[in-house]
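Data block below; observations after.
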Amino acid sequence: MIGAYHKPRRLHWMGTPAAQITDEQVSFYRENGFVKVENMLTGEELEQLREYLEEAMQEDSGRSVKTDKNGGAYFRVLNQKVNTWRDHGGMGKFSFHEKFAKAALDLTGSNEIRFFHDHGLWKMPGDSKPTPWHQDTPYWPVNEAERGMLSIWIALDDVNEQNGCMAFVPKSHKLGKLTGINFLEPQNIFDYVEGGQLDDQKPVVVPLKAGSCTFHNGLTFHYAHANVTDRPRRALAIIYMPDGITYNGNGHIVTEGSNLKKDQPFKGPLFPLLVKRHA
Ligand code: SIN
Ligand code: NI
């Protein structure tokens, strides 16, 4: 029905509205390479995403990729599933969600935001290992990731230093792409930093409430503590690319079956365009 009855109302079950990205958050992100955004999910969305991601992590159709199995060395760092949306339609709702992509557009100031891939990232209890300090870009088959690729990391549980919240080194995204770290026998990324460039920067630990998130630039150094609690720490990360990022031709699980050619811009059904800036 249209008319007087159609006035928008905030209903209790809809939970709190999602936060808008403020100018302060944009400046903080550009200066420091990461930013925290509270209440990115409504209470209802959080509940739904928990259910979908639980299901997706169990699914075994072979379209998404589990990095390691229970008992493996990588599993102790992360129980990770790449491209959950390919196994679970409900995950698509979140992995392609316009409000996350719109926030990424605002933070980067780019003209477009394209989906790259998602990860379910659970840090399991029991002999849990920290996620070592690393940058994300060295692992991606892209040219010029320096041009602003980024991730949203959404906490599905309250996270703190006990169960593996994230920590970031401010301004480390300004150092460019360094050597990738071996997660199982981690090198010290700070050994690759020349000339004391980060001497003034202390890592910032970012505890989050469930439903809140951080965004981080693919070049920003980040780390997560081991989970010393008795419950999994559940998170969803979605990786985005601004316009014009091209494929570097290297084999990678996320580009398999994509028919992309070396040095061609990312496009096609596995990498949908999510938002565009209005002229
Ligand atoms: C983690 O969830 O522990 C690490 C996430 C990341 O490396 O982006
Ligand atoms: Ni990372």
Side-chain angles (χ1 to χ4, degrees), residues 29 32-37 40 49-50 53 56-57 65-68 72-84 95 100 104 107 116-142 145-146 148-169 172-173 175 177-184 186-187 189-190 192 203-208 210 212-229 231-241 252-254:
Y29 175 79
N32 295 295
F34 71 96
V35 71
K36 165 173 163 171
V37 182
M40 183 47 97
L49 178 54
R50 280 176 174 159
L53 191 54
M57 293 298 276
V65 181
K66 207 166 152 85
T67 321
D68 197 7
Y74 193 94
F75 191 91
R76 285 196 269 279
V77 181
L78 285 168
N79 172 10
Q80 169 175 257
K81 195 152 201 203
V82 181
N83 275 340
T84 62
S95 292
F100 309 156
L107 292 170
F116 186 31
H117 58 279
D118 75 34
H119 299 244
L121 290 170
W122 290 17
K123 202 174 262 300
M124 305 305 279
D127 197 20
S128 167
K129 299 279 181 266
T131 309
W133 284 107
H134 68 281
Q135 296 178 307
D136 291 333
T137 51
Y139 308 99
W140 295 334
V142 303
E146 293 77 0
M149 290 186 63
L150 74 165
S151 301
I152 184 174
W153 190 95
I154 306 170
L156 303 194
D157 296 293
D158 292 354
V159 291
N160 56 34
E161 287 173 273
Q162 296 303 302
N163 65 349
C165 71
M166 294 265 269
F168 303 92
V169 178
S172 50
H173 65 304
L175 301 182
K177 183 165 115 179
L178 307 174
T179 307
I181 300 300
N182 175 351
F183 272 39
L184 301 184
Q187 302 85 349
I189 195 172
F190 297 94
Y192 301 137
V204 176
V205 176
V206 186
L208 292 172
S212 293
C213 71
T214 48
F215 286 85
H216 67 270
N217 186 303
L219 295 167
T220 304
F221 295 9
H222 55 287
Y223 170 93
H225 300 80
N227 179 1
V228 297
T229 71
R231 298 172 54 181
R233 179 225 69 183
R234 299 169 299 177
L236 172 69
I238 309 162
I239 292 83
Y240 301 110
M241 38 179 57
H252 195 281
I253 47 176
V254 300

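The structure displayed is predicted, hence computed values, not measured ones. Counting starts at 1 for both ligands and their atoms, in listed order.
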- Residues Tyr240, Phe100; criterion ring-ring contact (aromatic ring centres under 6.0 Å, His included); working and verdict: CA-CA 10 Å; Tyr240 301 110; Phe100 309 156; 7.8 Å; no
TODO: Give the C-alpha distance, both sets of side-chain angles, the deciding distance and a yes or no for side-chain contact (heavy atoms from CB on, under 4.5 Å) between Phe34 and Thr214.
DONE: CA-CA 7 Å; Phe34 71 96; Thr214 48; 5.5 Å; no
Discussion item. Assess the residue pair Cys165 and Val206 against the criterion (side-chain contact (heavy atoms from CB on, under 4.5 Å)); give the C-alpha distance rounded to whole Å, side-chain angles, the decisive distance to 0.1 Å, and a yes or no.
Written reply: CA-CA 6 Å; Cys165 71; Val206 186; 5.9 Å; no
* Asked: Between Arg233 and Asp157, does a salt bridge (Lys or Arg N to Asp or Glu O under 4.0 Å) hold up when you go through it step by step?
  -> CA-CA 6 Å; Arg233 179 225 69 183; Asp157 296 293; over 6 Å; no
Exercise answer, ligand 1 polar atom pairs (N/O) under 3.5 angstrom:
residue  : atom  : partner : partner atom : Å
ligand 1 : 2 (O) : Trp153  : NE1          : 2.9
ligand 1 : 2 (O) : Arg233  : NH1          : 3.3
ligand 1 : 2 (O) : Arg233  : NH2          : 2.8
ligand 1 : 3 (O) : Thr131  : OG1          : 2.7
ligand 1 : 3 (O) : Arg233  : NH1          : 3.0
ligand 1 : 7 (O) : His134  : NE2          : 2.9
ligand 1 : 7 (O) : His222  : NE2          : 3.1
ligand 1 : 8 (O) : His222  : NE2          : 3.2

**Asked** Mind checking whether Lys129 and Phe183 have side chains closer than 4.5 Å, heavy atoms only?
**Response**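 SC-SC contact between Lys129 and Phe183 ruled out.
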Please determine whether side-chain contact (heavy atoms from CB on, under 4.5 Å) holds for the pair Ile181 and Tyr192, giving the CA-CA distance in whole Å, both sets of side-chain angles, and the decisive distance to 0.1 Å. CA-CA 10 Å; Ile181 300 300; Tyr192 301 137; 3.7 Å; yes
Vertex the Ni ion (ligand 2), ends Asp136/OD1 and His222/NE2: angle to nearest 10° comes to 100°
Does His134 bring an N, O or S atom to under 2.8 Å of the Ni ion (ligand 2)?
yes
Only one of His119, Lys66, Lys123 passes side-chain hydrogen bond (donor to acceptor under 3.5 Å, both in side chains) with Gln80, and that residue is His119
